[in-house]
Amino acid sequence: MALLDELSEQEVIRRQSLDELRKLGIDPYPAAMYPVTHTTGSILSNFENLCEQQAEVCIAGRIMARRIMGSASFLELQDEKGKIQVYVKRDDICPGEDKTFYNVVFKKHLDIGDIIGVKGFIFRTQMGEESVHAREITLLSKSIRPLPIVKEKDGKVFDAVTDAELRYRQRYVDLIVNPQVREVFVKRTKIVNTMRDFFNSKGYLEVETPILQPIPGGAAARPFITHHNTLDMPLYLRIADELYLKRLIVGGFNGVYEFSRDFRNEGMDRTHNPEFTVLEIYVAYKDYFWMMDFTEEMLERVALSLHGTTAITVGDSTINFKRPFRRLTMTDAIKEYAGVDITGKTEEQLRSICKEQGIEVDETMGKGKLIDTLFGEKCEQHLVQPTFIMDYPIEMSPLCKRHRSNPELTERFELIVGGKELCNAYSELNDPIDQLERFQEQLRLSEKGDDEAMFIDMDFVRALEYGMPTCSGMGIGIDRLTMFMTNQPSIQDVILFPQMRPEKKQLKDPVEAYSQRNIPAEWVPVLQKLGYSTVVSLTNVAPGKLFNDICGYNKKNKLGLQNPSMDDVKRWVEQ
RNA sequence: CGGUUCGUAGCUCAGCUGGUAGAGCACGUGACUCUUAAUCAUGGGGUCGAGGGUUCGAGCCCCUCCGAACCGACCA
C-alpha cells in the first residue's frame with residue numbers, strides 16, 4: 001500500500017486491471033509475435049479495393065480513443081502510419097455464450113494507451129468512416145500510465161500537448177500524441193539519406209573518425225573533456241572532424257565524408273545544442289569555387305526530394321533553394337549593407353568604422369575579428385535567400401588556404417540562409433609550413449587568453465608534410481538544415497532527445513531513518529505526504545502543529561491509525 | 001550570466017480587492033448494437049513547483065531556490 005500511495009488513482013486502477021487480466025488467463029505482456037499484415041497507411045491508401053473485397057487484415061497499434069455504446073464500440077487505433085477506426089461488436093468477438101472478453105476484458109480492462117492487435121475485415125460505416133470490423137482482439141502490451149488526451153475534430157486539435165518540458169523530456173509521449181512531430185524526424189532522416197545518396201553517387205567514401213580525441217581540432221570552440229583510465233590521460237569529445245578527414249585525403253582517398261556528432265561545451269539556445277550533427281566532406285583536386293557548385297546542387301536536391309519544389313516556407317518568408325545561389329565577397333557585402341569600403345583599411349581605421357556603425361569593439365579585437373563582427377552585425381540578417389559569402393579575413397581561418405590573389409584573405413565561403421550561417425567551406429590549406437605558423441599564431445592568441453584558440457596538432461602537420469593534394473572541404477549543420485527544411489523554430493524540435501537539465505527528484509529518507517527517532521513505520525507515509533520527506537526536516541517543527549496535522553490527516557483519510565501521544569510527537573522533532 | 005513570463009487534478013486551462021480550490025477531457029459506476037471532441041446519469045480525484053516570510057488567514061503579497069519558455073549577453 002505504501003507504494004500505491006505514490007500513484008495517482010488512474011495508475012492504481014490500471015495496475016488492478018493487470019491483476020484482473022492475469023486472473024482471466026490473459027498475459028498483458030505476451031511474448032509471441034503478432035502477425036501484422038497491414039498498416040493504417042496501407043489500408044487507407046488502397047481503401048476502396050480492400051473494402052470491396054471485405055479484405056481480411058491484421059493490424060497492431062495503440063488505442064487512442066474509445067467510444068463504447070453498450071454491446072458495440074469504436075476504437076481509434078494508431079500505428080506508425082496514422083490512425084484508423086476499429087468497430088468492435090460484442091457478438092463478433094465473443095461468438096459463443098461467454099461474453100466475458102467483451103464485457104470484462106475489453107470494456108473494463110483495456111484503456112487508452114494500450115497496444116493491441118486487431119484481426120478483422122475492411123468496411124465503411126454508415127457514417128462513411130473507413131474502418132476495420134474486428135473479429136479478434138489481442139492485448140499486446142498494457143499501458144499503466146495514462147496518456148495526455150488530445151482530441152480532434154475537423155482538423156482542429158483540442159488540448160494539444162505544447163508544454164516544452166513534457167515534450168522534450170518525454171519525447172515518446174510527444175511522438176505518440178503529436179503526429180506532426182514524427183513527420184519532422186522522418187524528414188530529417190530523408191534529408192540525410194538524400195545527401196548520402198548524392199555523395200555515394202559521386203564515389204565518395206563514408207568514413208568514421210574518432211569522437212574521443214587527444215587534441216580537439218578543426219574548429220574554434222570549447223570542448224568537453226573526459227578521462228581515459230587505462231591510458232591515464234585526458235581525452236576530448238570532438239568539436240569537428242576536419243583534421244581526421246584531411247588525413248584521409250593525405251592517405252589517398254579522393255573524397256571522404258562523415259555525418260558526425262560533434263560536442264561543444266558552450267551556451268544552449270534556440271540554435272545551439274551541446275551535441276549536434278555536422279556533415280563534413282572533403283574532395284581532392286577541387287577548390288572552393290567547385291565546392292560552391294557542389295553545395296548548391298546538394299541543397300537543391302534535398303529541397304526537391306523533400307518538398308518537390310525548391311521554394312520552402314520558413315517562418316514568415318519563402319526561401320528558394322533553386323540554383324544558382326547569389327555569390328558575394330565579404331567586402332562587397334559590407335559595402336552593400338553597411339555602406340563602407342573596407343578595402344586596404346588598417347586595424348585602427350576598421351576600429352573607428354565599427355564605432356561609427358555603433359558596434360562595440362575592444363582593444364583585443366584584431367583586423368579579422370573587426371571585419372567579422374561588422375559583417376555579423378550589419379549584413380548577416382539581410383541575407384535571407386541562400387547567399388554564398390566569400391573570402392574571409394585570414395585571422396579567422398587558420399585551416400584555410402590563402403586567397404590566390406590577396407594574401408590578407410582566405411579562399412573560404414559560408415552559405416547564409418535566413419540570416420544564419422548554414423555551411424562553411426574552404427580551399428583547404430595544404431602548405432605544412434604555413435599551417436604550422438597559423439597554429440602557432442593560434443597558440444599566441446590562446447596565451448593572450450582566448451580560450452577558443454585552436455590547439456596545435458603536430459601529427460596533422462606531419463601528415464601535411466607528406467603532401468596533401470589540393471582539396472576543398474565543406475561542413476554543414478544538419479540540425480540547422482533540418483530546421484530550415486521542416487520549418488521548425490527551435491533546434492529542440494529537430495533533435496529527438498535535446499539536452500535538458502536533469503529532473504530533480506525529491507529526496508526521501510527510508511523508513512529505517514525514521515525508526516531511529518522511534519517513529520512507527522505506519523506514520524512514515526503520512527509524514528512524507530505532509531512534506532516531511534526527510535527525518536531532518538522534522539527537526540524543531542512545532543510539536544503541536546505536527547500533532548494536529550498528522551492526527552487530522554489520519555482522521556480525514558480514515559486511515560484508522562492509533563494516534564501518537566503529544567509526548568511521542570515531541571520526541572520525534574527532537575534531534 | 002542579465003531581463004521578461006510561466007509552474008494549480010493524468011492532460012488542457014480558470015481562479016475576483018488575500019477568506020483552505022473550479023471546468024472540460026481523462027478515470028470509476030450505471031444506461032446505450034454505426035459512433036467519431038459520441039451521448040446521458042452519477043461518483044471519486046489536489047502537500048496550488050520547493051522552502052521561508054508578512055498576515056488572524058496565502059494559489060494570490062514579499063524573499064530564496066528548482067525547472068521551463070522567450071529576449072539579450074557570450075558563443076559558431
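Note that the coordinates shown come from a computational prediction; the quantities given were computed from them, not determined experimentally.
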Could you go through the side-chain hydrogen bond (donor to acceptor under 3.5 Å, both in side chains) check for A/Thr209 and A/Glu258 one step at a time? CA-CA 8 Å; A/Thr209 65; A/Glu258 180 170 14; 2.6 Å; yes

Return the orientation label for the A/Phe121 and A/His133 ring planes: parallel under 30°, perpendicular over 60°, tilted otherwise. parallel

Counting heavy atoms from C-beta on, name the nucleotide in B/rC27, B/rC75, B/rC32 closest to the side chain of A/Glu266. B/rC75

Ranking B/rC34, B/rU36, B/rC75 by distance to the side chain of A/Gln85, first place goes to B/rU36

Please report the distance separating the P of B/rG28 from the corresponding atom of B/rA58, rounded so that it comes out in whole Å. 37 Å

On a whole-Å scale, what distance lies between the C1' atoms belonging to B/rU8 and B/rG49? 10 Å

Closest-nucleotide ordering on RNA chain B, the 5'-leading residue of A/Ala65 and A/Ser71: A/Ser71

Would you say [X] places a side-chain N or O within less than 4.0 Å of OP1 or OP2 belonging to [N]?
| X | N | result |
| --- | --- | --- |
| A/Gln492 | B/rA69 | yes |
| A/Arg169 | B/rA68 | yes |
| A/Arg67 | B/rA38 | yes |

Using side chain to side chain contact (heavy atoms under 4.5 Å, CB included), reason through A/Glu280 and A/Met474 one step at a time and then give a plain yes or no. CA-CA 6 Å; A/Glu280 288 192 42; A/Met474 186 268 289; over 6 Å; no

Begin from the C-alpha positions of A/Glu414 and A/Tyr392 and carry the test side-chain hydrogen bond (donor to acceptor under 3.5 Å, both in side chains) through to its verdict. CA-CA 9 Å; A/Glu414 289 194 354; A/Tyr392 281 63; 3.3 Å; yes

Can you tell if the side chain of A/Gln78 reaches within under 4.5 Å of the side chain of A/Ile176, non-hydrogen atoms only? yes

Can you confirm whether A/Val88 sits close enough to A/Tyr102 that some side-chain heavy atom of one is under 4.5 Å from a side-chain heavy atom of the other? yes

Taking any heavy-atom pair under 4.0 Å as a contact, classify [X]: base, sugar-phosphate, or nothing.
| X | result |
| --- | --- |
| A/Arg14 | nothing |
| A/Glu414 | base |
| A/Lys108 | sugar-phosphate |
| A/Phe123 | base |

For RNA chain B, what string of dots and brackets results from 5' to 3' when Watson-Crick and G-U pairs need both distances under 3.5 Å, crossing pairs get [ ], and pairs with another strand get |? (((((((..((((.....[..)))).(((((.......))))).....(((((..]....))))))))))))....

What about A/Gln126, does its side chain sit under 3.5 Å from the base of B/rU35 through a donor-acceptor pair? no

Tell me if the side-chain of A/Glu9 makes a donor-acceptor pair with the base of B/rG44, cut-off 3.5 Å, by modelled atom types. yes

d([atom1], [X]; [atom2], [N]) in whole Å:
| X | N | atom1 | atom2 | value |
| --- | --- | --- | --- | --- |
| A/Arg501 | B/rG7 | CZ | P | 19 Å |
| A/Met127 | B/rA37 | CE | P | 9 Å |
| A/Lys83 | B/rU35 | NZ | P | 20 Å |
| A/Ile176 | B/rG10 | CD1 | P | 18 Å |

Counting only non-hydrogen atoms, which of residues 141-162 of chain A are less than 4.0 Å from RNA chain B? A/Pro146, A/Pro148, A/Ile149, A/Lys151, A/Glu152, A/Lys153, A/Phe158, A/Asp159, A/Ala160

Counting only heavy atoms and a strict 4.0 angstrom limit, can you tell me which residues of residues 89-97 of chain A come near RNA chain B? A/Lys89, A/Asp91

For A/Asp372 and A/Lys369: C-alpha separation, side-chain torsions, deciding distance, then whether salt bridge (charged side-chain N to carboxylate O under 4.0 Å, His left out) applies. CA-CA 5 Å; A/Asp372 191 63; A/Lys369 182 83 181 170; 5.5 Å; no

A/Arg145, CZ atom: more than 12 neighbouring heavy atoms under 6.0 Å: no

Heavy atoms of other groups near A/Gln180 CD, more than 12 under 6.0 Å: yes

If you apply the rule side chain to side chain contact (heavy atoms under 4.5 Å, CB included), what do you find for A/Asp262 with A/Phe276, and how did you get there? CA-CA 5 Å; A/Asp262 291 353; A/Phe276 59 104; 3.8 Å; yes

Nearest 0.5 Å please: distance from the CD atom of A/Glu266 over to the CZ atom of A/Phe224. 9.0 Å

Please step through side-chain hydrogen bond (donor to acceptor under 3.5 Å, both in side chains) for the pair A/Thr40 and A/Asp79, ending with a clear verdict. CA-CA 7 Å; A/Thr40 56; A/Asp79 67 10; 2.6 Å; yes

